[in-house]
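Below is one structure; the comments refer to it alone.
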Amino acid sequence: MAQLLRGWSSIDPRFKHIRPVVYTVSRVNFSGFTTPGGNGGNGTGGTGGSNHSTAWSRYNYYRQQEFLRPPNASGWQYYGGQQQRHYGMLIGRVLRGVLKLRYLVLGSAIGGGVTLNKRYEEWKDGLPDMKWLEEVFPDNEKWAGFTKNLLAVKDAVKDSIEIDPRLKQLSEHKLNEWRQWFDQRLDNAIEAAETQQNPQIESSFQNLSEFISELYGATKEELRAKNTVNAKGLSAEDSRKRVDTLQAQVDSLQTEIMNVQLKYQREVEKLEKENRDLRQQYLILKTNRKQPTKKRIKKSLIDMYSEVLDELSGYDTSYTTADHLPRVVVVGDQSSGKTSVLESIAQARIFPRGSGEMMTRAPVKVTLSEGPYHVAQFRDSEREYDLTKESDLAELRRDVEIRMRNSVRGGKTVSMDVISMTVKGPGLQRMVLVDLPGIISTQTVDMAPDTRDQIKHMTEHYMSNPNAIILCIQDGSVDAERSNVTDLVSQCDPLGKRTIFVLTKVDLAEDLADPNRIRKILSGKLFPMKALGYFAVVTGRGRKDDSIETIREYEEKFFKNSKLFQSGVTMSHQVTTRNLSLAVADRFWKMVRETIEQQADAFKATRFNLETEWKNNFPRLRESGRDELFEKAKGEVLDEVVNLSQVSAKKWEELMNSKLWEKLSSYVFENIYLPAAQSGSQNSFNTMVDIKLRQWAEQALPAKSVEAGWEALQKEFQHLMEVARRTPDHDDLYDNLKSAVIDEAIRRHSWEDKAIDMLRVIQLNTLEDRSVHDKQEWDQAVRFFEASVKDKLQATETTIGEMFGPSTSQKWLHWRSSTEEQNKRRQVKSELDKILDSDSKHSPTLSYDELTTVRKNLQRGNVEVETDYIRETWYPIYRRHFLKQALNRAYDCRKAYYLYSQQGSDCEVNCSDVVLFWRIQQVIKVTANALRQQVINREARRLDKEIKEVLDEYGEDDEKKLQLLTGKRVQLAEELIRVRQIQEKLEEFINALNLEK
């Protein structure tokens, strides 16, 4: 330090006594002093310092001579002779001693001050912008004028100083003593500096050299070469005390800086709150302002961007070619505080909370935007949740949890289905965040076997987007070695160009973790991953009922009193959720502006390729998506329903008649006609018929009639659809959809209950009539009876052919042979035919004696059969025999109407069978007429309504449309339409973004 001062002022500072003259002499103008080698006078000086070495004496002599040399012609005046020279030497020695004392003290103070200045500069870099102070303090011109006035005062004082000659006499004796004492102390200091180095002080004087170099323009090499005298002679205890004192001063200054910053931040937040209130009032007034004409609602920039992301999420979920747009992906280990960080950024506790269990089961896309009210809304819902009301917050959290659980199907624990919501509020930073399930190390028994792999794949899937901003959340209260997310992040973003690291739960880490370890984390030296920035936040006190305001106050209070902050572990811009939110939003919009144009160009190229492919494959068709194709299919189905109402009444009655007899014929023959015909007499036949018909009409007939009518309606509708399918302009693309809609509508349709009661009354009244009224009805009844018997006889012949094998003619003509079982049946048949030949009016059952006779006859032919086997063979044989007799009676009754009309039920020709079938025919006619009226008046309209309901449901079900409308044509059209929509939204967003710039 001494050489430093010598090199500048040519003064030997070893003498630092004569303190009473320091104040006055310090104001002497040294600007006239010259450096060695200057063009000064040739005056000589005394030897000075004879007790030193020869070199040292010559050096002092040279310095004294240069000191006494006048600066110019009008400079210092000599008194003449030896007396004047001694007087000048005395003044030089006095000044040398005074300056030595002064600069030794000054050097010690500046050494600590420079260290303090360095610390201050580091903290100053983290301070907010203080440009507003420029309005308070004077500008440079005022300062320059003030400095000029001070210099003028200094010059005036300098010229008025006159040193008393008697000073020489008073101080000459003491001067020699003090000079020897200070020389001895200086030699000791130089010797100690050469033998013992103190890094703390060396660093202080190094900083001091740099500081003076900046002030006076001297180079660092010159100062280092001249700085040979360093105040290193202090003991270790004194050095430690001095370092502690300086450290205390630094801590005090840091505390003061932090208080200033917090005060500044509170003022800024106060101004921002006032600004938000004013902006909210402005937006409310703007919203409520009555417009003379209805205008289109202008979307915010972030809402437009969110819509683009929603379109892209449905178009391309693999990020392979199209979707490289930025979004903030929040990743971290389970229970690391991901959701809490997102809630702090959104300024509302919008997510369900749990203790230690997995709460986030699906990706949640949150779009933050500015608005007059703090509200939240799901993308697929019109309801808005008021986030200032605790009741709405509770409902929102419950709805989020319900959506998450509904998205998990098939025994899975997590889902890829995105839950999209928007949060608006005053002062919110505009961005799009995606909260993902936390990464787990161990699966519990209540999780799906592939839960851990699914979460890892989902996290890698979102982070693989090259423009996704990765918000890496690390729990500060656990060991860093237990982190799983940092390895994944370093794999996806090895250079850390799009990663922001967030250390949560710092309030817990302050007492648990080593401050040096936290310093390494926040400086990026502990984890292998790299990041754009490192932040430390506090997102709660571990209480579920704390509000966002409470958490923010707790965070601010913690960082104000935190040892980590005060000890310089963290910088001011690295703490609080507010700073994190600003940094993330700034990076988000920067990446959006850098990538949006590239995405738009990529979609233009994709659209061109798809349009070219469409023209080559479907040149005469327009690009129609699933929604448009569904509407076309819906129109065709409804047209067929209209055609159903145009079917004539005659056709409906014919359909009802055929369907009714098809449903009722089996019951009529098996349960009414055959048991009554086998009663033995005409009177018993009529009695049994009346009883069975009435029971049938009261119980099963109405329901069977309704069932027949419904089947007839279905058959006719399907017939109309089949006719439409065979038209030349039919498009096969709609067939699957039409069939599914009709089947679903038919499955849902049910006939009106009151129709059964109405039919029961009509049918009972019709069956009460037992007399045929005219010849025409008689002939119709005979033909109906003949046709019915022939149908049953044909069915019976088919059964007999399968049971007994081919006939002789079939064996010769068709080369068919009988099986062993059929041969056995044929032998039994030959025995049973003998019984019928002997008694044509045999009863329907075989007696015991007849069964015994048949068995014995078969045994003689070495054929062993059981009694049940004989009865089973007897039933089709007797049925054919009976039907042939009934058919013969029908032939006999063709011309017996006049005899019947005269004799009635006592007619000689037994035509009770014809009367029975006439009664059944009449019931079928009136039933068919009633059903036809119900179809035309009620059921066709109800079916039309149900088909419309099914079409409406399918129209809202994208999965159904995706399942029923398939093919290359549909897929290509869908992709082309989606690309057009995305391109239009991208262009709209780019235009709005450019306008905002």
Side-chain angles (χ1 to χ4, degrees), residues 657 659-709 755-773 777-778 780-782 784-789 791-793 795-796 841-846 875 878-879 881-883 885-890 892-893 896-897 900-901 903-931:
N657 279 321
K659 184 58 68 175
L660 281 169
W661 179 241
E662 180 182 343
K663 298 286 290 185
L664 304 177
S665 60
S666 178
Y667 185 88
V668 170
F669 269 94
E670 304 297 333
N671 298 87
I672 299 177
Y673 176 58
L674 290 179
Q678 297 167 5
S679 61
S681 65
Q682 187 174 356
N683 292 330
S684 60
F685 175 86
N686 293 332
T687 302
M688 186 175 292
V689 164
D690 290 341
I691 294 172
K692 288 184 175 296
L693 285 176
R694 186 169 186 84
Q695 291 177 349
W696 185 40
E698 290 178 350
Q699 298 175 4
L701 181 58
K704 283 290 183 180
S705 301
V706 169
E707 184 179 345
I756 295 178
D757 298 333
M758 182 183 66
L759 288 175
R760 182 180 293 111
V761 174
I762 295 174
Q763 290 166 351
L764 287 173
N765 293 333
T766 303
L767 290 174
E768 291 297 328
D769 192 359
R770 300 178 180 83
S771 300
V772 182
H773 302 294
E777 293 182 356
W778 179 268
Q780 291 177 356
V782 171
F784 176 60
F785 177 54
E786 289 179 0
S788 302
V789 171
D791 291 339
K792 293 298 180 181
L793 183 58
T796 303
K841 296 183 180 181
H842 195 283
S843 63
T845 59
L846 293 172
Y875 177 75
Y878 178 80
R879 184 182 181 87
H881 173 72
F882 174 79
L883 291 174
Q885 288 182 340
L887 189 59
N888 291 331
R889 287 195 299 272
D892 295 338
C893 292
Y897 173 73
Y900 166 79
S901 61
Q903 298 179 1
S905 58
D906 297 330
C907 180
E908 297 178 358
V909 180
N910 186 6
C911 293
S912 300
D913 314 55
V914 176
V915 175
L916 169 62
F917 276 85
W918 174 81
R919 295 172 69 183
I920 292 174
Q921 189 180 36
Q922 296 303 310
V923 170
I924 290 175
K925 285 183 179 180
V926 297
T927 303
N929 183 51
L931 292 175

* Residue pairs involving residues 669-689 (criterion salt bridge (charged side-chain N to carboxylate O under 4.0 Å, His left out); sequence neighbours excluded) -> E670-R879

* Asked: Looking at N657 and A928, what are the two nearest heavy atoms and their distance?
  -> OD1-CB, 3.4 Å

* Asked: What residues form a side-chain contact (heavy atoms from CB on, under 4.5 Å) with D791, not counting sequence neighbours?
  -> none

* Residues in side-chain hydrogen bond (donor to acceptor under 3.5 Å, both in side chains) with W778, at least two apart? -> none

* Structure fact -> So CD of E707 and NZ of K663: to nearest 0.5 Å the spacing works out to 3.5 Å

* Structure fact -> Here the gap from Q763 atom CD to W696 atom CH2, rounded to the nearest 0.5 Å, amounts to 7.5 Å

* Structure fact -> By ring-ring contact (aromatic ring centres under 6.0 Å, His included), Y875 pairs with (sequence neighbours left out) none

* Structure fact -> By ring-ring contact (aromatic ring centres under 6.0 Å, His included), Y878 pairs with (sequence neighbours left out) W874

* Could you give me the CA-CA distance, side-chain angles and deciding distance for Y673 and K692, then say whether side chain to side chain contact (heavy atoms under 4.5 Å, CB included) is met? => CA-CA 9 Å; Y673 176 58; K692 288 184 175 296; over 6 Å; no

* To do: Quick one: pull up OG in S705 and CD1 in I756 and give me the separation to the nearest 0.5 Å.
  => 9.5 Å

* Asked: Under the criterion side-chain contact (heavy atoms from CB on, under 4.5 Å), which of I920, V923, I924 is the partner of T766?
  -> V923

* Asked: So which heavy atom on P702 is nearest to which on L759, and how close?
  -> O-CD1, 4.1 Å

* To do: Check salt bridge (charged side-chain N to carboxylate O under 4.0 Å, His left out) between E698 and all other residues, then give those that pass, not counting sequence neighbours.
  => R694

* Kindly compute the distance separating CG (L674) from CG (L883), expressed to the nearest 0.5 Å. => 7.0 Å

* Asked: Is the shortest side-chain N to carboxylate O distance from R760 to D757 below 4.0 Å?
  -> yes

* **Gap separating the CG atom of L701 from the CD1 atom of I762, nearest 0.5 angstrom** => 11.0 Å

* To do: In sequence, state the C-alpha distance, the side-chain angles, and the governing distance for Y897 and V782, and then conclude on side chain to side chain contact (heavy atoms under 4.5 Å, CB included).
  => CA-CA 10 Å; Y897 173 73; V782 171; over 6 Å; no

* Looking at residues at least two apart in the chain, or sitting in another chain, which of them share a salt bridge (charged side-chain N to carboxylate O under 4.0 Å, His left out) with K925? -> none

* In chain order, what residues pass the ring-ring contact (aromatic ring centres under 6.0 Å, His included) check against F784, with sequence neighbours excluded? -> W661, F917

* With sequence neighbours excluded, what pairs up with D690 under the salt bridge (charged side-chain N to carboxylate O under 4.0 Å, His left out) test? -> R770, R919

* **Which residues share a side-chain hydrogen bond (donor to acceptor under 3.5 Å, both in side chains) with Q699, sequence neighbours left out** => none

* So, for A890 and E786, which heavy atoms are closest and what is the spacing to 0.1 Å? -> CB-CG, 3.5 Å

* Structure fact -> Across all chains, not counting sequence neighbours, the side-chain hydrogen bond (donor to acceptor under 3.5 Å, both in side chains) partners of Q922 are none

* To do: Could you grab the distance from atom NZ of K659 to atom OG1 of T927, nearest 0.5 Å is fine?
  => 15.5 Å

* Partners meeting side-chain hydrogen bond (donor to acceptor under 3.5 Å, both in side chains) with S788 (sequence neighbours left out) -> none

* Centroid-centroid distance, F882 to F669, less than 6.0 Å -> no

